Participant: 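This structure is in structure tokens; I'll ask about it shortly.
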Amino acid sequence: MAEKGLLVVISGPSGAGKSTVISELMKLRSDIRFSVSATTRAPRPFEEDGLHYYFRTHEEFARMIKEGEFLEYAEYVGNYYGTPAGPVNEHMAEGWNVLLDIEVQGAAQVMAKRPDAVSIFMAPPSFEELERRLRGRATDAEEKILGRLETARLECSQAKNYAYIVVNDDAEIAARKLDAIITAERCRSGRKLESIAEGDFLL
Ligand code: ADP
Ligand code: 5GP
């Protein structure tokens, strides 16, 4: 039997560097599948449907909610975001570590439903640096940046609910920390023993 993969939830304020660090992490590990979310937000210039997000209309998103397709969903700064449950369960069963990059309300839903999930909060080194990164990214309109900054304070107050906090000062170092967390979590005795067959030398 393939050892079941981890469900890894990463949250943190917009601009903290989650996408950047996750790309670095994917260079370090080949056993990760990124969960592609559905969203009603408009695509950014470099974003591709099905790769970064499934870009959906409000009507399509509402239908997905009604049909119970989401593991979690939430409204964030005027748009909806949700994690399709099917691919998460399939990939975990195949042994992949499945990574969710989701905001705090959705993360709380996942933690309640799936106590085995590994939760990580990614924090910026400071609020000033967060603002610099958000403006430097230059992907959002001013009013959206202000909304994201306001939401950031609320999000950071939730950091205590996560099992791990990683400060993204240097993206490569932060990626190595995520790598270490995943490796350690996969070695937890509870998880290992689950996948060991009866009669094995460890039992
Ligand atoms: P998030 O996914 O959390 O919204 P991004 O990964 O899009 O954040 O990063 C926001 C901006 O900050 C991007 O322009 C990115 O290049 C930059 N950035 C990310 N990590 C760092 C870092 N460690 N140091 C400096 N800039 C960073
Ligand atoms: P962005 O618009 O910058 O791509 O994402 C905005 C916020 O939405 C980020 O905090 C990101 O983690 C979160 N997000 C992305 N996908 C999902 C999802 O499927 N569910 C939830 N709850 N949040 C998501």
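Atom set for the values below is all heavy atoms of this structure, side chains included, hydrogens, waters and symmetry mates excluded. Note that the coordinates shown come from a computational prediction; the quantities given were computed from them, not determined experimentally. We count ligands from 1, going down the list as the structure has it; atoms in each ligand are counted the same way.
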Participant: Check each atom of ligand 2 against the heavy atoms of R44 and keep those under 4.0 Å away; list them by number with element.
Facilitator: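 Selected atoms, number and element: 1 (P), 2 (O), 3 (O), 4 (O).
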Participant: What are the atoms of ligand 1, with element, lying closer than 4.0 Å to any heavy atom of P13?
Facilitator: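 Counting from 1, the qualifying ligand atoms are 3 (O).
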Participant: Please state which option from V104, T139, D101 has its nearest heavy atom closest to atom 15 (C) of ligand 2.
Facilitator: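 Answer by nearest heavy atom: D101.
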Participant: I'd like the name of whichever of F70, Y53, Y76 reaches closest to atom 5 (O) of ligand 2 through any heavy atom.
Facilitator: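 Answer by nearest heavy atom: Y53.
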Participant: Using distance alone, decide if ligand 2 has a nitrogen or oxygen within less than 3.5 Å of any nitrogen or oxygen in Y73.
Facilitator: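 In fact, backbone or side chain, Y73 has no N or O that close.
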Participant: Counting both backbone and side chain atoms, is some N or O of G82 under 3.5 Å from an N or O of ligand 2?
Facilitator: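 There is such a contact, yes.
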Participant: Regarding ligand 2, does Y81 bring an N or O atom to under 3.5 Å of one of the ligand's N or O atoms?
Facilitator: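 Looking only at distances, the answer is yes, because the N/O contact criterion of under 3.5 Å is met.
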Participant: Looking at D169, which atoms of ligand 1 are within less than 4.0 Å of one of its heavy atoms?
Facilitator: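 This gives 22 (C), 23 (N), 24 (N) as the contact atoms.
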Participant: Considering only heavy atoms, does V21 approach ligand 1 within less than 4.0 Å through its side chain, its backbone, both, or neither?
Facilitator: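 Contact part for V21 vs ligand 1: neither.
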Participant: At under 4.0 Å between heavy atoms, which part of K144 makes contact with ligand 2: side chain, backbone, both or neither?
Facilitator: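 Under 4.0 Å from ligand 2, K144 contributes no heavy atoms.
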Participant: Among residues at least two apart in sequence or on other chains, which ones pass side-chain hydrogen bond (donor to acceptor under 3.5 Å, both in side chains) with E143?
Facilitator: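 Partners of E143 under the side-chain hydrogen bond (donor to acceptor under 3.5 Å, both in side chains) test: none.
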Participant: For Y164, enumerate each residue passing the side-chain hydrogen bond (donor to acceptor under 3.5 Å, both in side chains) test, keeping only those at least two apart in sequence or located in another chain.
Facilitator: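 By the side-chain hydrogen bond (donor to acceptor under 3.5 Å, both in side chains) rule, Y164 matches E185.
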Participant: List ligand 1 atoms under 4.0 Å from S14, heavy atoms only on the residue side.
Facilitator: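 Per the distance check, 4 (O).
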Participant: How does K18 reach ligand 2, by side chain, by backbone, by both or by neither, if only non-hydrogen atoms under 4.0 Å count?
Facilitator: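 The answer is the side chain of K18.
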